[in-house]
Amino acid sequence: QVQLVESGLVLVQAWGSMRPSCAASGRTVSTDAIGWLPQAPGKGRECVTGIKGRGDSLYYAGAVKGRFTISRDNAKNTVYLQMNSLKPEDTAVYYCAMGSTANWSQGFGSWGQGTQVTVSS
């Protein structure tokens, strides 16, 4: 059974940085795709960045490109999300998810519990 556990800072000021992590157990992080899907109040979850494959194929949504960086430590079986130049609109619960997605919108079968990220103005 796959388990994903997110951790990271909860509150940061605008233009600040944080680096939440997603530790996996039950499956290696290099096996499937792993994405970060924030969910703001009243909105659905949408993948903003992901990494998959042994060749480290990367995905970034336009809203985070240049500000967020996803990386993977295979030895620790952990994926990291470096978030820079944070904006209040980045405020959301961030879920880490793993699966065999082909388009970063569907196919995530395992989910973490989510970690609240709040960016104050």
Side-chain angles (χ1 to χ4, degrees):
Q1 183 177 358
V2 178
Q3 283 192 317
L4 303 173
V5 178
E6 299 100 333
S7 62
L9 290 176
V10 175
L11 177 64
V12 65
Q13 289 188 326
W15 300 108
S17 298
M18 60 188 299
R19 189 184 185 226
S21 62
C22 173
S25 61
R27 195 166 179 84
T28 58
V29 295
S30 61
T31 302
D32 287 334
I34 292 188
W36 286 92
L37 294 86
Q39 184 170 23
K43 296 185 178 181
R45 300 178 191 180
E46 185 173 335
C47 186
V48 294
T49 183
I51 184 169
K52 67 177 175 179
R54 299 186 185 277
D56 288 353
S57 176
L58 303 176
Y59 165 76
Y60 293 100
V64 306
K65 194 171 293 185
R67 299 190 299 124
F68 291 8
T69 302
I70 190 169
S71 62
R72 186 173 66 196
D73 186 331
N74 292 335
K76 295 182 178 179
N77 214 34
T78 299
V79 172
Y80 301 93
L81 177 60
Q82 180 67 47
M83 308 167 74
N84 297 328
S85 302
L86 282 161
K87 306 174 182 180
E89 51 264 43
D90 293 321
T91 295
V93 176
Y94 280 72
Y95 294 91
C96 171
M98 177 186 282
S100 58
T101 181
N103 57 12
W104 300 107
S105 63
Q106 298 176 350
F108 291 107
S110 302
W111 294 82
Q113 81 284 1
T115 183
Q116 175 69 49
V117 172
T118 301
V119 183
S120 63
S121 58

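Just so it is clear, the model here is predicted, and its values are computed rather than measured.
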Exercise. Near Gln13 CD, under 6.0 Å, is it more than 12 heavy atoms from other residues, nucleotides or ligands?
Worked result: no
Exercise. Got a sec, which residues hit salt bridge (Lys or Arg N to Asp or Glu O under 4.0 Å) with Arg45, two or more places apart in sequence or on another chain?
Worked result: none
Exercise. Is there a side-chain contact between Val64 and Trp36, using heavy atoms and a 4.5 Å cut-off?
Worked result: no
Exercise. So how far is it from Met18 CE to Asn84 CG, rounded to the nearest 0.5 Å?
Worked result: 11.5 Å
Problem set entry | CD1 on Ile70 to CD1 on Ile51, rounded to 0.5 Å | 5.5 Å
Exercise. Below 4.5 Å, heavy atoms only, C-beta onward: do Lys65 and Thr49 meet side chain to side chain?
Worked result: no
Exercise. Should Trp111 and Leu37 count as side-chain neighbours, where that means a heavy-atom distance under 4.5 Å?
Worked result: yes
Problem set entry | All side chain to side chain contact (heavy atoms under 4.5 Å, CB included) counterparts of Gln113, not counting sequence neighbours | Val5, Glu6
For this session: Tell me, please, which residues at least two apart from Thr28 pass side chain to side chain contact (heavy atoms under 4.5 Å, CB included).
Result: Ser30, Thr31, Asn77
Exercise. Can you pull the disulfide (SG to SG under 2.5 Å) pairs that have at least one residue in residues 86-121, sequence neighbours excluded?
Worked result: Cys22-Cys96
Exercise. Do Val117 and Met83 have side chains that get closer than 4.5 Å, going by heavy atoms?
Worked result: yes
Exercise. Do Ser100 and Asp32 have side-chain atoms, one donor and one acceptor, less than 3.5 Å apart?
Worked result: no
Exercise. Can any side-chain N or O of Thr115 pair as donor or acceptor with the backbone N or O of Tyr94 at less than 3.5 Å?
Worked result: no
Problem set entry | Residues in side chain to side chain contact (heavy atoms under 4.5 Å, CB included) contact with Tyr59, at least two apart in sequence or another chain | Cys47, Ala61, Trp104
Seminar exercise, completed: Sequence neighbours excluded, the answer for side chain to side chain contact (heavy atoms under 4.5 Å, CB included) partners of Thr78 is Ser21, Ala23, Lys76, Tyr80
For this session: Check whether any side-chain heavy atom of Pro38 sits under 4.5 Å from a side-chain heavy atom of Val48, and report yes or no.
Result: yes
